[in-house]
Every structure is written in structure tokens, then in C-alpha cells.
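Because the structure is a prediction, the values reported are computed rather than measured.
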Amino acid sequence: MTANIAFMFADLPFIDRIPAAAAAGFKFVECHFPYDIPVDRLLAALNAAGVQMTGINTAPGNLERGEWGLAAIAGQEAQFKADFNQALNYAVALGAKAIHVMAGVIQDPSDRRQALRVYVDNLRSVAKSAAAHGITLLLEPLNTRDKPGYLVSRSDEIAEILAEIAEPNVKLLFDIYHVQIMEGDLTRRIERHAPLIGHVQLASVPDRWEPDLGEVQLGHVLAALDRAGYAGLIGLEYRPRGDTAAGLSWIDRLEAAN
């Protein structure tokens, strides 16, 4: 498992979440936007803690304007390429093998068709440069409750986009939290999309707390992933209800139940 330190250990400064994750037993971490910290400082912190960064996101853009990624935004192709190159440089330097390429919010629904075209073209334009470094590009559907207007909200949509892009290192980020909210039928979707899944993330539904809570039966979902042949890391992208380390007792309960 890889701890998402954008959400976990959030009471600490970002750089201090790395040794905190190590102290809690994690050998892997992932995050959203590490770009406020120089990459050499991040790498030094990871090395000192004996922790590997596994994945990062492309920059979100201008949050005050409601942006949440630029990969699908017409007229922002140059800025997208700059953001992607920044993410690629960080990933290569840190040894991360995955970049979540954020599509963006489409303010006018009538722009969706053009946005999908821009998204596909932008991803095709960068996929091979990522592949040259052994890096997978991840596309994640985000639920419309948390991120209204985001270009893609369903895993089935991502599957169609991946077929059009047709690059082997562009994959689906299957986040149990988002997929359950928007689509449900988790077992069948895991089975159907298994060849496309490049990463999995967990959180409870509906509150995005520790993943053994809420409406999803965690043991069943993990067993379905195992049967489907998923052998990658599982990202813990949840917001702890309280102290992060104390809340990790869910892992012990899961192991005891299996």
C-alpha cells in the first residue's frame, strides 16, 4: 500500500509527512502536487526516510478560476505541456512511476466534445515521452459531487478514451470512492476494466474516511482485485477521521479478518 500524503498526516507540514509515513510503517507514498518544494529537497527527505514516491499529479492550474487540470482545456495546450514537463521532471528525479494527468473542469457543457478531442490529442502528445522513462500516465474519473463539471466522471468513459488514445502506458486510475459514487457495480467493473487499470485508490463511501467504513465491503473489493489479476500498489487516498497513525488500525482488522 502507498500512503497518499496529500490527505494523510495532514496535521504536519508536507515535507514532514514523509518521515511520519515511514514511522507508521509505509515504504511507499504518493501525493497530489509536490511542486512548492524543490525536487532535490523532496528526494533527500524520501531517501532519509527510506520511502519511495510512487505517483504524483500534474499541476491543477489556477484554483481561483476553478481550474482542476488543463489536459482537456482548449487554448491551454502550451500551459498543459509546461505542466506536464514539470510533472515528468519531478517523477523522473523522484523515481515515481505514475503521473495522474488531470483533465480539467468544463464550464460549458457544449464544450465537452471539443474538450474530449483536446484531451486525447494532449495525451497522445506526451505518452511516449513518459514511456521512455517507464512512467505510466493515469486517467481518473472524478465524481460530480466533489468536482462538478470535471470532464470525465465514469470509469466506463475512461475505458472509451483509452481505446482511442491506444498508448500502452496510459491507464485507468480506478478509485473505489469515485467509481462507487458514480457507477457502483464495483465487482463487475473491476472484472471488465482489469486490463486497463494502472492504479487503485481506496477510501470509504460516502465520507472518504478510512476504507473499512461506509457502504463498500473492503475485503470483497480487495478479493475482486486479486481475482482480476491486479498486482499493483493500492493508494490510500482518504481523509482520516482523527489521528492518521491511530486510524491505521483498520489494516490490522482487515488482516485479522482474512
Side-chain angles (χ1 to χ4, degrees), residues 2-8 10 13-15 17-18 29-43 45-46 52-107 111 115-116 118-143 146-153 158 161 165 167 169-173 175 178 198-199 201 235 237 239:
T2 178
N4 192 305
I5 55 174
F7 287 170
M8 301 175 74
F14 182 80
I15 197 75
R17 300 177 196 179
I18 294 170
V29 297
E30 62 184 31
C31 69
H32 294 166
F33 317 117
Y35 307 113
D36 290 339
I37 299 174
V39 69
D40 56 347
R41 186 178 174 211
L42 270 176
L43 183 60
L46 290 163
Q52 174 69 51
M53 180 71 74
T54 61
I56 59 177
N57 292 7
T58 53
N62 189 319
L63 300 180
E64 292 183 358
R65 291 202 297 260
E67 293 176 346
W68 198 241
L70 298 176
I73 308 302
Q76 292 276 26
E77 289 86 350
Q79 186 59 53
F80 164 72
K81 186 62 71 70
D83 290 347
F84 178 81
N85 287 338
Q86 178 189 46
L88 184 61
N89 289 337
Y90 264 69
V92 170
L94 298 175
K97 293 301 182 183
I99 298 173
H100 169 206
V101 181
M102 298 178 63
V105 172
I106 309 305
Q107 303 293 350
D111 293 335
L116 285 168
V118 171
Y119 192 39
V120 169
D121 289 346
N122 275 335
L123 285 160
R124 281 179 175 156
S125 76
V126 299
K128 286 184 171 56
S129 60
H133 297 282
I135 290 173
T136 297
L137 304 184
L138 299 172
L139 311 185
E140 181 181 23
L142 304 184
N143 77 77
D146 288 350
K147 192 54 62 176
Y150 195 75
L151 177 67
V152 280
S153 60
I158 294 290
I161 291 167
I165 294 168
E167 293 288 350
N169 68 315
V170 185
K171 296 285 189 179
L172 166 64
L173 198 172
D175 187 318
H178 292 295
H199 189 48
Q201 290 177 331
E237 192 186 46
R239 295 185 175 94

Exercise. Taking atom CZ of Arg124 as the centre, report whether more than 12 heavy atoms of other residues, nucleotides or ligands fall under 6.0 Å from it.
Key: yes
Quiz item: Which heavy atom in Tyr90 sits nearest to a heavy atom in Ile37, and how many Å separate them?
Solution: OH-O, 2.7 Å
Quiz item: Sub-3.5 Å donor-acceptor pair from the side chain of Gln52 to the main-chain atoms of Gly95, do we have one?
Solution: yes
Quiz item: Is any side-chain heavy atom of Leu46 closer than 4.5 Å to a side-chain heavy atom of Val29?
Solution: yes
Quiz prompt | Short N-O contact, Glu167 and Lys128, less than 4.0 angstrom | solution = yes
Practice problem: Start with the C-alpha distance between Asn89 and Val39, add both sets of side-chain angles, then the distance that settles side chain to side chain contact (heavy atoms under 4.5 Å, CB included), and finish with yes or no. | Solution: CA-CA 9 Å; Asn89 289 337; Val39 69; over 6 Å; no
Exercise. Could you walk me through whether Ile73 and Ile106 pass the side chain to side chain contact (heavy atoms under 4.5 Å, CB included) test, one step at a time?
Key: CA-CA 8 Å; Ile73 308 302; Ile106 309 305; 3.8 Å; yes
Exercise. First locate atom CD1 of Ile99, then atom CG of Asn57, and finally report the distance between them rounded to the nearest 0.5 Å.
Key: 9.5 Å
Practice problem: For the pair Leu43 and Met53, evaluate side chain to side chain contact (heavy atoms under 4.5 Å, CB included) and give the outcome as yes or no after the intermediate values. | Solution: CA-CA 9 Å; Leu43 183 60; Met53 180 71 74; over 6 Å; no
Self-check item: From CZ (Phe80) to CG (Asp121), nearest 0.5 Å
Solution: 11.0 Å
Self-check item: Side chains of Leu172 and Pro141 in contact at under 4.5 Å (non-hydrogen atoms)
Solution: yes
Quiz item: How many angstroms lie between atom OG of Ser153 and atom CG of Asn143, to the nearest 0.5 angstrom?
Solution: 8.5 Å
Quiz item: Is a side-chain N or O of Thr58 found less than 3.5 angstrom from the main chain of Phe84, in a donor-acceptor match?
Solution: no
Self-check item: Beyond-backbone contact of Ile135 with Asn169, side-chain heavy atoms, under 4.5 angstrom
Solution: no
Quiz item: Would you call Glu237 and Glu140 a side-chain contact if the rule is heavy atoms closer than 4.5 Å?
Solution: yes
Quiz item: With a 3.5 Å cut-off and no angle check, do the side chains of Glu30 and His199 form a donor-acceptor pair?
Solution: yes
Self-check item: Residue from Arg65, Glu67, Lys147 passing side-chain contact (heavy atoms from CB on, under 4.5 Å) with Val105
Solution: Lys147
Quiz item: What distance do Met102 atom CE and Phe33 atom CZ have between them, rounded to the nearest 0.5 Å?
Solution: 4.0 Å
Quiz item: Below 4.5 Å, heavy atoms only, C-beta onward: do His178 and Tyr150 meet side chain to side chain?
Solution: no
Exercise. Take Leu123 and Leu139 through the side chain to side chain contact (heavy atoms under 4.5 Å, CB included) test and state the conclusion after the steps.
Key: CA-CA 10 Å; Leu123 285 160; Leu139 311 185; 3.7 Å; yes
